[in-house]
**Q** 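So that we are looking at the same thing, I have put the structure below in structure tokens.
The model shown is predicted, which means the values in this text are computed figures rather than measured ones.
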Amino acid sequence: MRLESDAILDKAARLKAEGKPFALVTVVRVVSPTSAKPGAKAVVEPDGVIQGWIGGGCAQPAVIKTAKKVLQEGLARLIRISPTRDGYVEEGITDFGMTCHSGGTLDIFIDPVIPRPVLLVIGASPAAQALVGLAQRVGFSVTAAFTGADAEMFPDADRIIDGFDVADVSPSFVVVATQGKRDEQGLEAAISIGAVYIAFIASERKATKLKTYLKENGCDADRVDAIISPAGVEIEAVTPEEIALSVLAGVVKARREGVAVPQPAVASSEIGSSYSDSTKAEVKPEPKPATAIDPICGMSVETKDAEYQSEYKGKTYYFCCGGCEHRFENEPEKYLRA
């Protein structure tokens, strides 16, 4: 098993070096009989592809389902796969209670390994400098860009660009913090790289004028309208450091919500600027995938591209694993009555 674990850790190291997200899965406790042993490991990628052995049957679907969730949330989980639920829920453990399990119990720790999201800060204002330092400390890989930008100005930046040539940057988020110095160039640079989330530190009035300018100069109207300004969340910010905190809070909120489109939020902008609820935009959540309940073990199964399914009396039933499907096909009426 040691050799298998080493191979999984090598795989994890390669994925991390390539900047790809994955979940590292480790069996931490077993109650026999189980096919997996303590220390067994696996890697699960965002599309559900799993490499390694942490138990078959209902174990793998439960692990894959949880791995997708932890990759989305960025929070580790401890799950228990057991033949029955006794009604007691232990704090900190998600119990799947799989009746199709071999009879033993598995406690499995699922830890997300997610590359640091890239934040591009355009500008050299005091708020920009404060934002770069703060963002790096809360887990962002930060690129700072502005004419004359250097390490003395941005000592905490992972990368510094002297100017507005940001074509080779692929940021998760962009904040334009020019604050009166080359605002147009900063906004045009942000739009040019096709960033989904662009926040602009400015008053609503100033942002409106600059958006009109950008449209008149040929920038895509939809991209311009998507720029979030004022940026961040309202905390009555006054100092550059407080403004940076407000703006970063908006970025973190968008990151945790996994928004696919910009999500404007009322925020601090320039010192003395006002706020307006009209800058908030409604974000429609992504539709949840269709699911069905496995009639054998009770697990929720995504129906799209489900591997295990069976037709009975004109209705399709879905299963978490081949074992459940086989048991159903042998005695369908028994499980439908149950």
Side-chain angles (χ1 to χ4, degrees), residues 1-85 89-117 139 256 258 288-289 291 294 296-302 304-308 318-324:
M1 187 184 73
R2 181 62 188 172
L3 291 176
E4 294 174 357
S5 295
D6 288 345
I8 295 304
L9 292 175
D10 288 344
K11 170 72 173 180
R14 288 195 298 272
L15 289 173
K16 187 173 182 179
E18 293 168 2
K20 296 179 180 179
F22 63 93
L24 182 61
V25 181
T26 305
V27 176
V28 296
R29 172 181 172 270
V30 304
V31 177
S32 296
T34 62
S35 55
K37 304 303 178 186
K41 291 180 173 57
V43 164
V44 181
E45 297 181 61
D47 58 2
V49 173
I50 184 170
Q51 180 175 326
W53 179 256
I54 38 75
C58 293
Q60 288 201 14
V63 166
I64 292 171
K65 179 180 179 180
T66 307
K68 290 181 178 180
K69 183 174 294 186
V70 302
L71 286 172
Q72 181 180 6
E73 297 175 348
L75 300 173
R77 287 176 180 261
L78 179 62
I79 68 171
R80 174 166 294 162
I81 302 172
S82 56
T84 58
R85 287 181 175 146
V89 179
E90 190 170 346
E91 184 177 357
I93 298 180
T94 302
D95 192 346
F96 278 86
M98 296 301 173
T99 59
C100 60
H101 188 57
S102 60
T105 296
L106 291 169
D107 284 355
I108 301 175
F109 184 67
I110 303 175
D111 190 20
V113 180
I114 304 172
R116 291 194 298 163
R256 291 305 180 191
K288 294 182 179 179
T291 60
D294 184 328
I296 304 298
C297 66
M299 180 177 177
S300 177
V301 181
E302 292 185 12
K304 183 181 179 181
D305 301 325
E307 182 177 358
Y308 305 104
Y318 299 88
F319 308 91
C320 70
C321 63
C324 284

**Q** Apply side chain to side chain contact (heavy atoms under 4.5 Å, CB included) to Ile108 and Thr66, showing your working.
**A** CA-CA 10 Å; Ile108 301 175; Thr66 307; over 6 Å; no

**Q** For a quick test of reading the model, state the closest non-hydrogen atom pair linking Cys324 to Ile296 and the distance between them.
**A** O-CG1, 3.4 Å

**Q** Is any side-chain heavy atom of Val44 closer than 4.5 Å to a side-chain heavy atom of Ile110?
**A** no

**Q** Nearest 0.5 Å, please: how far is CG in Asp111 from CG in Leu78?
**A**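 Here the rounded value is 11.5 Å.
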
**Q** Return the CD1 to CD1 distance between Ile50 and Ile8, rounded to the nearest 0.5 Å.
**A** 8.5 Å

**Q** Counting heavy atoms not belonging to Gln72, are there more than 12 under 6.0 Å from its CD?
**A** no

**Q** Does Thr105 reach the side chain of Arg80, with side-chain heavy atoms less than 4.5 Å apart?
**A** yes

**Q** If I take atom CZ from residue Arg14 and atom NZ from residue Lys20, how far apart are they, to the nearest 0.5 angstrom?
**A**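 Atom-to-atom, Arg14:CZ and Lys20:NZ are 10.5 Å apart.
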
**Q** Which heavy atom in Ala12 sits nearest to a heavy atom in Val43, and how many Å separate them?
**A**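 For Ala12 and Val43, the tightest heavy-atom pair comes out as CB-CG2, 4.1 Å.
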
**Q** Side chains of Asp107 and Val31: does their closest heavy-atom pair fall under 4.5 Å?
**A** no

**Q** How far apart are the C-alpha atoms of Ile54 and Leu106, what are their side-chain angles, what is the distance that settles it, and do they pass the side chain to side chain contact (heavy atoms under 4.5 Å, CB included) test?
**A** CA-CA 9 Å; Ile54 38 75; Leu106 291 169; over 6 Å; no

**Q** Between Phe109 and Arg29, does the side chain to side chain contact (heavy atoms under 4.5 Å, CB included) criterion hold? Intermediate values first, please.
**A** CA-CA 9 Å; Phe109 184 67; Arg29 172 181 172 270; over 6 Å; no

**Q** Locate the shortest heavy-atom distance separating Pro117 from Gly139; write the atom from each residue and the value.
**A**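 So the minimum-distance heavy-atom pair works out to CD-O, 3.6 Å.
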
**Q** Give the minimum heavy-atom separation between Gly74 and Pro112, together with the two atoms involved.
**A** C-CG, 3.7 Å

**Q** Which one of Thr94, Ile93, Val70 satisfies the side-chain contact (heavy atoms from CB on, under 4.5 Å) criterion with Ile79?
**A**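 Of the listed options, the one satisfying the test is Thr94.
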
**Q** Give the minimum heavy-atom separation between Phe22 and Lys16, together with the two atoms involved.
**A** CE2-N, 3.8 Å

**Q** Over all heavy atoms of both residues, which pair between Leu71 and Glu45 is shortest? Give the atoms and the distance, please.
**A**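 Heavy-atom minimum between the residues: CD1-C, 4.2 Å.
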
**Q** Counting C-beta onward and ignoring hydrogens, is there a side-chain heavy-atom pair between Lys11 and Lys41 closer than 4.5 Å?
**A**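 Counting from C-beta outward, Lys11 and Lys41 never come under 4.5 Å.
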
